There are 2 protein chains.
Amino acid sequence: MAVQKTAEPRSARTTEAAEAEEAAAGPERLMAAELADEIEFLTARARSVGSGRANIALKELDLKVRSYSVLSLACSDLNPSQRELADFLSLDPSQIVALVDELERRGAVTREADARDRRSKVIAATPEGRRLYKQAFALVRTSEEHSLGELSHEERGQLRALLRRIAFKSAD
Amino acid sequence: MAVQKTAEPRSARTTEAAEAEEAAAGPERLMAAELADEIEFLTARARSVGSGRANIALKELDLKVRSYSVLSLACSDLNPSQRELADFLSLDPSQIVALVDELERRGAVTREADARDRRSKVIAATPEGRRLYKQAFALVRTSEEHSLGELSHEERGQLRALLRRIAFKSAD
DNA sequence: CGTATACCATTGATAAAGTCAACAGATTTT
DNA sequence: AAAATCTGTTGACTTTATCAATGGTATACG
């Protein structure tokens, strides 16, 4: 119904500018701006669309990328502590508390006191947590596939390697 | 359960590990986790550290990456409307209102009614806004330089190109 | 023509996320 | 043993995100 024709943005033939390119129209007319060359802006936008999509996909499991990330790390055999989760996920320790609370309430993870340092608690996934993770992983996988669809396997490798270097710069 | 094995958990100064470089220990023990291979996670973390640093740098001008981005686009000669800013920056239109309000209050940008479509307002930078942008750009530049320090010029080009493709996927 | 529909900027309400200080228990340092 | 540091936790508070509703404007359609 009523195809909204986007009303020819700003480049409407202004008598004089007739020969100009015929409106790249899209919402991406601004790609010509200087900002669009800044890697940090592109990173921010990429993550926005990516995690946005992932959140939608995860909704059917009542998860968000945040809780998914915690669950994922809990499923690793690395026995992360909450502090490590906070550092790794760039979150405040208090936010981890809430996320673990929720996952624990759902029976997906457990807090077990670390024998070596009784201050910290290691987060581990329950069998049920692992089942949940499997499903979530599949959804995220599909979502990511959708987001990175245009990139070849090799290009993804490049991108991953580059991002890893800026995401985990040594202390400074 | 009772996984007391797990090789070398956290500290445990096992006599033999002494010769190794004193534990890469860092908060990045978890890089071995599956999550660390997901591009979207890396993207999220990269933008977190990046915009975090940029925000700190911009504080001396009383700007944030958000307001800086708006200002930057206002300084382009593209005459963006608020709607376009919202789309481009992945923000809600109502957030743009607040950001433009602030910049306008500071005399950095103006809202001028679009002659072609009186619903929309084009955001343009004042001379003072351009001066402010110049300073901000320098700060962001330095900050970004600090974040991407390890990447060669060529690698930055690759990264930029790859990010652009996933940040601006056509509609879907 | 006029009316219905869609759009833009704006406001306001509400939820989610981020930031910070303080605190108890545990560990390390001195 | 005392001081200093760390971990998880709570709570207050700010910022950001999300969504519905509205007035003014433009387009579509009959």
Side-chain angles (χ1 to χ4, degrees), chain A residues 1-10 12 25 27 44 47-49 51-52 55-56 58-59 62-67 69-70 79-104 109-123, chain B residues 9-13 25 27 44-45 47-49 51-52 55-56 58-59 62-67 69-70 79-105 109-123:
Chain A
M1 336 302 179
V3 170
Q4 64 279 11
K5 114 188 254 217
T6 314
E8 190 95 25
R10 206 156 318 300
R47 91 102 204 189
S48 178
V49 311
S51 71
N55 271 326
I56 293 176
L58 283 171
K59 205 169 340 188
D62 224 329
L63 285 175
K64 301 184 182 172
V65 291
R66 304 167 66 107
S67 35
S69 298
V70 170
N79 294 324
S81 73
Q82 294 188 197
R83 161 56 84 177
E84 288 176 310
L85 293 178
D87 288 346
F88 198 66
L89 299 177
S90 312
L91 293 177
D92 190 89
S94 61
Q95 298 178 285
I96 301 293
V97 171
L99 290 168
V100 172
D101 276 354
E102 170 69 7
L103 289 175
E104 190 180 35
V109 308
T110 62
R111 282 184 237 243
E112 29 184 276
D114 184 342
R116 289 184 234 289
D117 185 343
R118 305 210 340 258
R119 285 174 298 185
S120 68
K121 307 178 182 174
V122 325
I123 307 305
Chain B
R10 224 163 319 299
S11 41
R13 48 172 46 44
R45 187 170 159 122
R47 93 100 203 189
S48 177
V49 311
S51 71
N55 271 327
I56 293 176
L58 284 171
K59 201 160 357 180
D62 223 329
L63 285 175
K64 301 184 183 175
V65 291
R66 302 167 66 107
S67 35
S69 298
V70 170
N79 294 323
S81 74
Q82 295 187 198
R83 161 56 85 178
E84 287 176 310
L85 292 178
D87 287 347
F88 198 66
L89 298 177
S90 312
L91 292 177
D92 190 90
S94 62
Q95 297 178 283
I96 302 292
V97 171
L99 289 168
V100 172
D101 277 353
E102 170 69 8
L103 289 174
E104 189 180 37
R105 192 189 58 74
V109 307
T110 62
R111 282 183 235 244
E112 29 183 276
D114 184 343
R116 288 184 237 291
D117 184 342
R118 305 214 337 262
R119 286 174 297 183
S120 70
K121 305 178 181 172
V122 325
I123 307 304

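Every chain is numbered from 1, with letters handed out A, B, ... down the list of sequences. Only a predicted model underlies this, so the values are computations on that prediction, with no experimental measurement involved.
Using a distance-only test at 3.5 Å, with no hydrogens or angles considered, no donor-acceptor pair links the side chain of Ser67(B) to the main chain of Leu63(B). Remark: the backbone N or O of Ala44(A) is not paired with any side-chain donor or acceptor of Ser48(A) at under 3.5 angstrom. Side-chain atoms of Arg45(B) come within 3.5 Å of backbone atoms of Phe88(A) as a donor-acceptor pair (strictly under, hydrogens ignored). A donor-acceptor pair is defined here as one N or O able to donate and one able to accept, closer than 3.5 Å; such a pair exists between the side chain of Asn55(B) and the backbone of Val65(B).
As a whole-Å value, the separation of Asp87(A) CG from dC6(D) P is 12 Å. The CG-P distance, from Asp114(A) to dC6(D), rounds to 17 Å in whole Å. A straight line from CG of Asp62(A) to P of dA16(C) spans 11 Å, rounded to a whole angstrom. The interatomic distance linking Lys59(A) (NZ) with dA16(C) (P) rounds to 11 Å, in whole Å. The CZ-C1' distance, from Arg118(B) to dG23(D), rounds to 13 Å in whole Å.
The existence of a salt bridge linking Asp101(B) and Arg105(B) is excluded, since no basic side-chain nitrogen approaches an acidic carboxylate oxygen closer than 4.0 Å.
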So if I define the base as every atom that isn't primed, P, OP1 or OP2, how would nucleotides 7-17 of chain D read as a B/S/- string at a heavy-atom cutoff under 4.0 Å? SSBB----SSB
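Note that the CG atom of Asp114(A) and the CG atom of Asn79(A) stand 8.5 Å from one another [nearest 0.5 Å].
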